[in-house]
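Only one structure is covered here, and it is reproduced in the block below.
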Amino acid sequence: MAAPQDDMFYLCVEPGKVSSAVEVRFIDNIKGKGLFAKRDIRKGDTIFIERPLVSSQFLWNALYKYKACEYCLRSLETAEENARRLSGLPALSLPHPELCRVRSELHQACPQCQVMYCSAECRQAAQEQYHRVLCLGPSQDDPDHPMNKLQDAWRSVHYPPETSSIMLMAKMVAVVKQAQEKGRWQRLLSQFCSRSANEEEEIAHKLLGEEFQGQLTLLRSLFKAALYDDHLDRWFTPEGFRSLFSLVGTNGQGIGTSSLSKWVHACDALQLPGHKREQLDAFIDQLYKDIEKETGDFLNCEGSGLFLLQSSCNHSCIPNSEVTFPDNNFLLHLNALSDIGAGEEICISYLDCCQRDRSRHSRHKILRENYLFVCSCAKCVSQMDEPDVTSDEEDEGEAEGETEDEMTDV
């Protein structure tokens, strides 16, 4: 990693450690903990960079041949390979191929199960942390293996667009099973909020209702058959599994990586004569049109991870920071969207840009069902007198048959 500039104070936070720029404080029994600045932070600063405790590629994403490092989720395709697959143009050639940073010669496979890694370092890290438990060896493609039956069952109840993965839960179990310091890992994982309901507001996670009990019972049965461990017996009970399910659903941070996106950003930074810049921009614009026609919006290798420090950030509909993944791997960068004073709470948005533009009622509906709280940020307070109606976009979606109450919306 390059040395940080003098006007930035970020560092790569190891799991279980805290950046010198921020501190976690308990707020109250409703909001729980929050993340606060220990010193002034300027707009545009990288506040910290964090590695996840565990992360996993989404199962449908992997099945559709989005090739990512099993450990760090780095895209394994070259930018040109990525562009050819996404556009459906097998003869496509990208200009400036030297801007692609993917090094295929460094990739390594697990010798037992052939799962791919971007480097020897990632393969070793996975082996040391969890892969000895999860490696299926010659049974990798055996549909009757308990782990494969679990993954198939998850895919059958959670279709794209994906927002979580049963494999994130599996890796939590595998990390503890494989760890010498089991207590330390259990303490780290216990720091994530895992409640399946908010009794004060009478809110339950939308996927833990009576209508989904059959699916949850099947998943728990397969999860137990594949991964049971005496040290973690509480995670395999009905209530423990619900809590684990809720933990992943409410704390999992989406991760997206793309070698093509990195190549495009590198192209944008090139210093070119005017006509060459126009030609390159026109090529990239046409490429994205071809990709949209062939693939739609699914451009990235996608997964999710559990980030201990980032998970301390509360939500605001007008956030002062945002999460990005600029390194084409699982390293999370938290960047300031505005100046943040010492002692001020650092907030992100749990909603995407389109969702933040919806009505207060629509935003609250999403936050209640997925994150179990009622937002009281400055924007929501200022809109308290607005009628409790859904946004036009949501009404249109419901008219077209969309439904919020599906297992596919973890």
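Only heavy atoms go into these numbers, but all of them, side chains included; no hydrogens, no water, no symmetry mates.
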Is the side chain of N320 donor-acceptor paired with the backbone N or O of C347 at a distance under 3.5 Å, no angle test? yes

Assess whether atom CG of D141 is packed by more than 12 heavy atoms of other residues, nucleotides or ligands within 6.0 Å. no

Can you tell me if K67 has over 12 outside heavy atoms packed within less than 6.0 Å of its NZ? no

pair V115-R123: side-chain heavy atoms closer than 4.5 Å: no

Minimum heavy-atom separation for S55 to L168, with atom names? CA-CD1, 3.6 Å

Around E98, counting heavy atoms of other residues, nucleotides and ligands shown, do more than 12 lie under 6.0 Å from its CD? yes

Nearest-0.5 Å distance, CZ of residue F58 to OG of residue S164: 6.5 Å

Compare every heavy atom of L260 with every heavy atom of L287, then report the nearest pair and how far apart it is. CD2-CD1, 4.1 Å

Just checking, R25 and F36: is the charged tip under 6.0 Å from the six-membered ring centre and within 45° of the axis? yes

E345 side chain to N314 side chain, donor-acceptor N/O pair below 3.5 angstrom: yes

Are K171 and E70 ion-paired here, with the side-chain N under 4.0 Å from a carboxylate O? yes

Tell me whether the count of non-hydrogen atoms from other residues, nucleotides or ligands lying under 6.0 Å of NZ in K224 goes above 12. no

In this structure, SG of C377 is separated from CZ of R360 (nearest 0.5 Å) by 9.0 Å

If I compare all heavy atoms of I348 with all of S321, which pair ends up nearest, and what's the gap? CG2-OG, 3.4 Å

Quiz item: cation-pi between R363 and Y350, 6.0 Å / 45°: no

Over all atoms of both residues, closest heavy-atom pair of P319 and S349: CB-N, 3.7 Å

Please answer whether the main-chain N or O of A342 pairs with a side-chain N or O of D40 as donor and acceptor at a distance below 3.5 Å. yes

Closest approach of A179 to W185 (non-hydrogen atoms, all atoms of both residues): CB-CD1, 3.6 Å

What is the distance from atom OG of S56 to atom CD1 of I255, rounded to the nearest 0.5 Å? 9.0 Å

Evaluate the criterion side chain to side chain contact (heavy atoms under 4.5 Å, CB included) for residue pair R358 and K365; output intermediate values, then yes/no. CA-CA 11 Å; R358 290 182 175 181; K365 183 172 184 286; over 6 Å; no

For the backbone of E302 and the side chain of N61, can you confirm whether one donor and one acceptor N or O come within less than 3.5 Å of each other? yes

Walk me through whether C301 and L73 qualify under side chain to side chain contact (heavy atoms under 4.5 Å, CB included). CA-CA 7 Å; C301 296; L73 273 64; 6.0 Å; no

Any donor-acceptor pair under 3.5 Å linking the side chain of T295 with the backbone of F298? no

So, the side chain of E162 versus the backbone of G303: is there a donor-acceptor pair under 3.5 Å, distance only? no

Determine, step by step, whether F236 and L227 satisfy the side chain to side chain contact (heavy atoms under 4.5 Å, CB included) criterion, reporting the C-alpha distance in whole Å, the side-chain angles of both residues, the deciding distance to 0.1 Å, and the verdict. CA-CA 9 Å; F236 297 92; L227 294 161; 4.2 Å; yes

With distance as the sole test, does S246 use its side chain to make a donor-acceptor pair with the main-chain N or O of S243 at under 3.5 Å? no

Between the side chains of K289 and E292, is the shortest nitrogen-to-carboxylate-oxygen separation below 4.0 Å, so that they form an ion pair? no

Could you tell me whether the side chains of Y71 and Q129 share a donor-acceptor contact shorter than 3.5 Å? yes

Side chains of L222 and L218, heavy atoms from C-beta outward: is any pair under 4.5 Å? yes

Is it true that a side-chain atom of D229 and a backbone atom of H231 form a donor plus acceptor pair closer than 3.5 Å? yes

Step by step, work out the salt bridge (Lys or Arg N to Asp or Glu O under 4.0 Å) result for R155 and D152. CA-CA 5 Å; R155 278 191 288 260; D152 286 343; 2.7 Å; yes

Please indicate whether D230 has more than 12 foreign heavy atoms, meaning atoms of other residues, nucleotides or ligands, lying under 6.0 Å from its CG. no

Nearest-0.5 Å distance that lies between atom CZ in F223 and atom CE in M169: 4.5 Å

Given 3.5 Å as the limit, does a donor-acceptor pair link the side chain of H158 with the main chain of W60, or not? no

Hey, does T46 have a side-chain heavy atom less than 4.5 Å from the side chain of L334? no

Rounded to the nearest 0.5 angstrom, the OG-CZ distance for S261 and F325 is 13.5 Å

Do S87 and L92 have side chains that get closer than 4.5 Å, going by heavy atoms? yes

D285, CG atom: more than 12 neighbouring heavy atoms under 6.0 Å: yes

Under 4.5 Å between any side-chain heavy atoms of L232 and M172, yes or no? no

If you compare all heavy atoms of L306 against all heavy atoms of L189, which two are closest, and at what distance to 0.1 Å? CD1-CD2, 4.5 Å

Is any side-chain heavy atom of F241 closer than 4.5 Å to a side-chain heavy atom of T217? no

N148 side-chain N/O to Q140 backbone N/O, donor-acceptor pair under 3.5 Å: yes

Regarding Q310 and E50, do their side chains bring together a donor and an acceptor under 3.5 Å, going by distance alone? no

How long is the span from the CG atom in L367 to the CG atom in L351, to the nearest 0.5 Å? 4.5 Å

Angle between ring planes, F283 versus W263, binned at 30° and 60°: parallel, tilted or perpendicular? perpendicular

Answer yes or no: is there a side-chain heavy-atom contact under 4.5 Å between F48 and L35? yes

Close side-chain approach of R84 to S93, heavy-atom, < 4.5 Å: yes

Presence of salt bridge, D290 and K293, under 4.0 angstrom: no

Between the main-chain N or O of D144 and the side-chain N or O of K149, is there a donor-acceptor pair closer than 3.5 Å? no

Looking at R85 and E81, does any basic side-chain N land under 4.0 Å from a carboxylate oxygen? no

Please assess E77 against V102 for the test side chain to side chain contact (heavy atoms under 4.5 Å, CB included), listing each intermediate value before the final yes or no. CA-CA 7 Å; E77 292 179 304; V102 174; over 6 Å; no

